[in-house]
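The structure under discussion appears below in the form of structure tokens.
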Amino acid sequence: MSGSLAFDEYGRPFIIIRDQERKSRLTGIEAHKSHIMAAKAVAGVLRTSLGPKGLDKLLVSPDGDITVTNDGATILKQMDVQHQIAKLMVQLSQSQDDEIGDGTTGVVVLAGALLEQAEKLLDRGIHPIRVADGYEMAATVACEHLEKISEGFKVTPKDREDLIRLAMTTLGSKIVNRCHRQMAEIAVDAIMSVADFDRKDVDFELIKVEGKVGGKMEDTMLIKGVIIDKDMSHPQMPKNIKDAKIAILTCPFEPPKPKTKHGLEVKSVEDYRKLREYELQKFETMVKQVKDTGANLVICQWGFDDEANHLLLQRKLPAVRWVGGPEIELIAIATGGRIVPRFEELTKEKLGTAGTVRELSFGTTKEKMLVIEDCNNSRAVTIFIRGGNKMIVEEGKRSIHDALCVIRNLVKDSRIVYGGGAPEISCSLAVAEAAKKISTLEQYAMKSFSEALESVPLALAENSGFAPIHTLADIKSRQIKEKNPRLGIDCLNKGTNEMKTQSVIETLSSKRAQILLAVQLTKMILKIDDVRGSADQM
């Protein structure tokens with residue numbers, strides 16, 4: 001903010017701000033109240049989307065594109081948020097999505113509850129820094145308690161059942177829960193195909209998620225290979241190639257052109273014939289060079305003219321043109337081939353191999369896609385999602401992404417906690433117990449943190465149609481009586497609150513990240529006590 005420092009006749013400094021009448025300023029408790037109100041508004045929007053019975057949101061973009069989702073990060077990204085603190089909540093959700101991939105709704109609900117509790121403490125005259133410090137102490141207690149109640153989890157390629165149950169927990173709140181198990185199996189198989197268990201890492205570059213409108217969601221499949229949105233360059237070329245030897249080219253099937261500016265004069269019919277013969281000869285040479293290596297399929301990044309296309313058909317050499325850069329790279333990884341920039345460099349060793357290359361056609365439409373299967377490197381896989389309309393396909397992609405992220409996190413850190421609000425209730429009790437041993441003002445902040453943690457099970461109970469406070473009180477008392485941290489909200493009405501029996505599983509890393517990220521943001525917001533900006537933005 002531009003301004004200048006001046007002094008009055010007694011030497012006291014004051015600031016003259018340029019365009020002061022158009023500026024607005026909030027300080028002290030007013031600033032805190034404004035921030036907390038904005039954060040609560042954002043958390044309130046997402047609160048109804050939490051859990052398996054959470055509701056979806058319909059978002060319309062300025063272009064008229066419609067998105068239907070209950071993924072917290074997507075909702076906030078597409079909301080046109082103006083308030084500066086509300087924007088921080090959007091970034092919080094995005095951080096959780098980037099870091100963990102799941103739990104984007106829960107983290108915003110928790111941050112909103114923490115700020116709501118902080119407001120009560122500020123009204124009682126407790127300094128914001130003491131509140132922030134108390135929250136930090138409570139977060140440490142909560143994370144230590146989470147590690148105590150967590151359990152080890154066996155992650156092996158052979159034992160898929162437990163992983164499928166974990167993926168089903170993540171997909172439970174999504175639009176794809178109609179074919180719940182099938183989607184979970186696809187996500188687990190995809191991760192198991194590309195996971196490196198020695199390094200405890202998963203390369204997401206090797207998993208491609210493609211979608212096509214049409215068909216049922218049950219038609220979604222995992223392809224151990226690559227699928228590209230192209231078809232053969234000539235309709236008479238074979239649609240199914242067994243034992244494919246693939247030449248992957250980044251040079252076009254065209255006669256070479258000088259790189260300099262040039263003009264070519266054709267003065268007679270003879271000159272034209274010579275030019276045509278030269279082009280034909282070049283095409284013949286190119287096709288021969290490819291055929292001589294033993295290739296029976298050409299994948300080209302660029303196009304080629306009709307004459308080259310016709311010649312390829314005559315020489316029985318199927319070809320695909322205009323394949324994008326990332327797809328070319330994925331095909332090269334999957335088939336074990338090398339990307340060749342010039343025809344002269346093409347050799348037998350640089351060819352990729354695949355068991356089958358086939359063309360998929362869809363219903364009555366003329367759209368076709370190419371599937372490259374049974375590749376040399378089976379670590380490159382594609383998840384092909386079908387759905388009745390574009391919105392369902394897009395939401396399917398987001399759901400599968402969440403499930404993939406959760407399983408990847410488990411490969412990295414194989415500890416789990418049980419879901420359904422159970423870890424939050426257990427941590428709330430642990431923090432409330434630890435608060436009793438604190439003799440300073442931070443005790444109040446820790447108690448408030450303990451209450452804020454209950455916002456997640458309360459929202460789950462409310463969204464499932466139960467009386468929230470009654471349900472929470474019942475489970476809290478049972479957790480203390482039975483000393484069982486696995487008791488949570490029975491969202492699906494299965495008749496038991498034991499989350500282990502219901503197989504509601506979440507990763508420890510996701511829960512821990514939720515608490516730490518929410519506390520970091522809350523601390524940051526509580527430390528802001530002076531806001532200056534133009535009047536129309538405030």
Side-chain angles (χ1 to χ4, degrees), residues 157 189-196 202-210 221-234 236-253 285-304 308-309 311-361 368-384:
D189 289 345
I191 292 284
M192 291 297 113
S193 300
V194 304
D196 185 337
V202 176
D203 186 359
F204 266 18
E205 294 288 315
L206 297 172
I207 302 174
K208 191 164 175 253
V209 182
E210 278 285 331
M221 56 184 166
L222 177 71
I223 293 162
K224 295 282 177 80
V226 183
I227 188 164
I228 50 174
D229 200 357
K230 301 284 171 207
D231 55 354
M232 295 295 180
S233 62
H234 196 290
Q236 288 177 318
M237 283 176 179
K239 307 287 182 237
N240 201 327
I241 301 162
K242 298 266 187 233
D243 298 322
K245 292 183 174 50
I246 305 166
I248 305 165
L249 305 173
T250 55
C251 44
F253 269 93
T285 312
M286 287 171 186
V287 175
K288 186 174 182 299
Q289 282 171 331
V290 176
K291 285 289 275 186
D292 287 351
T293 59
N296 59 3
L297 175 65
V298 177
I299 289 180
C300 187
Q301 188 173 2
W302 303 103
F304 29 86
N309 204 8
L311 199 63
L312 286 164
L313 178 68
Q314 280 182 332
R315 300 285 183 274
K316 293 188 173 61
L317 186 59
V320 185
R321 56 185 164 186
W322 299 120
V323 179
E327 288 163 333
I328 281 257
E329 283 175 25
L330 208 59
I331 292 167
I333 292 168
T335 59
R338 299 283 294 277
I339 297 171
V340 180
R342 300 218 303 269
F343 285 98
E344 293 78 18
E345 293 177 21
L346 188 62
T347 60
K348 192 177 179 181
E349 291 72 36
K350 291 181 181 176
L351 297 180
T353 54
T356 53
V357 177
R358 60 191 171 89
E359 216 173 62
L360 277 181
S361 54
K368 292 181 172 63
M369 287 179 110
L370 215 60
V371 180
I372 301 168
E373 286 179 303
D374 308 328
C375 302
N376 245 3
N377 177 9
S378 62
R379 290 185 64 222
V381 297
T382 305
I383 297 170
F384 186 49

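A heavy-atom distance below 4.5 Å is found between the side chains of I328 and I299. In this structure the side chain of C251 never reaches within 4.5 angstrom of the side chain of P341, judged on heavy atoms. Inter-residue side-chain proximity for V287 and L311 is flagged as met; some heavy-atom pair is nearer than 4.5 Å. Residues I191 and F204 have side chains in contact (heavy-atom distance under 4.5 Å, counting atoms from C-beta outward).
Sorted by first and then second residue, the salt bridge (Lys or Arg N to Asp or Glu O under 4.0 Å) pairs with a member in residues 314-334 read K208-E327, E284-R315; sequence neighbours excluded. Applying the side-chain hydrogen bond (donor to acceptor under 3.5 Å, both in side chains) test to residues at least two apart or on different chains, the pairs with a partner in residues 291-300 are K288-D292.
Taking every heavy atom of both residues into account, A332 and I339 meet most closely at CB-CG1, 3.9 Å. Residues A295 and L317 share a closest heavy-atom pair of O-CD1, 3.5 Å. Nearest heavy atom pair, residue E359 against residue D231, reads OE2-CB, 3.3 Å. Of all heavy-atom pairs between A319 and L312, the closest is CB-CD1, 3.8 Å. Across every non-hydrogen atom of A195 and V202, the tightest pair is CB-CG2, 4.0 Å. Between I248 and G337, the shortest heavy-atom distance links the atoms CD1-CA, 4.3 Å.
A donor-acceptor contact shorter than 3.5 Å is absent between the side chain of E210 and the backbone of I227. Using modelled atom types, no side-chain atom of S233 and backbone atom of V320 make a donor-acceptor pair closer than 3.5 Å.
Remark: L360 CG to M369 CE distance equals 8.0 Å, nearest 0.5 Å. Of the inter-residue distances, the one linking M286 atom CE with L249 atom CG reads 10.0 Å to the nearest 0.5 angstrom. To the nearest 0.5 Å, the span separating OG1 on T356 from CG on D374 amounts to 4.5 Å. Distance check, rounded to the nearest 0.5 Å: CD1 of I246 to CG of L297 gives 5.0 Å.
In this view, D203 and E205, L206 satisfy the side-chain contact (heavy atoms from CB on, under 4.5 Å) rule, not counting sequence neighbours. Looking at residues two or more places apart in sequence or on another chain, you find no side-chain contact (heavy atoms from CB on, under 4.5 Å) involving D243. Remark: L313 engages H234, Q236, M237 in a side-chain contact (heavy atoms from CB on, under 4.5 Å) (not counting sequence neighbours).
A salt bridge is defined here as a Lys NZ or Arg NE, NH1 or NH2 lying under 4.0 Å from an Asp or Glu carboxylate O, and K224 with E373 fails to meet this definition.
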Side-chain polar contacts of residues 342-352 - donor-acceptor pairs under 3.5 angstrom, sequence neighbours left out - could you list them?
from : atom 1 : to   : atom 2 : distance (Å)
T347 : OG1    : E349 : OE1    : 3.4
K350 : NZ     : E345 : O      : 3.2

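Among the candidates V381, I383, V371, the single residue satisfying the side-chain contact (heavy atoms from CB on, under 4.5 Å) test with I223 is V371.
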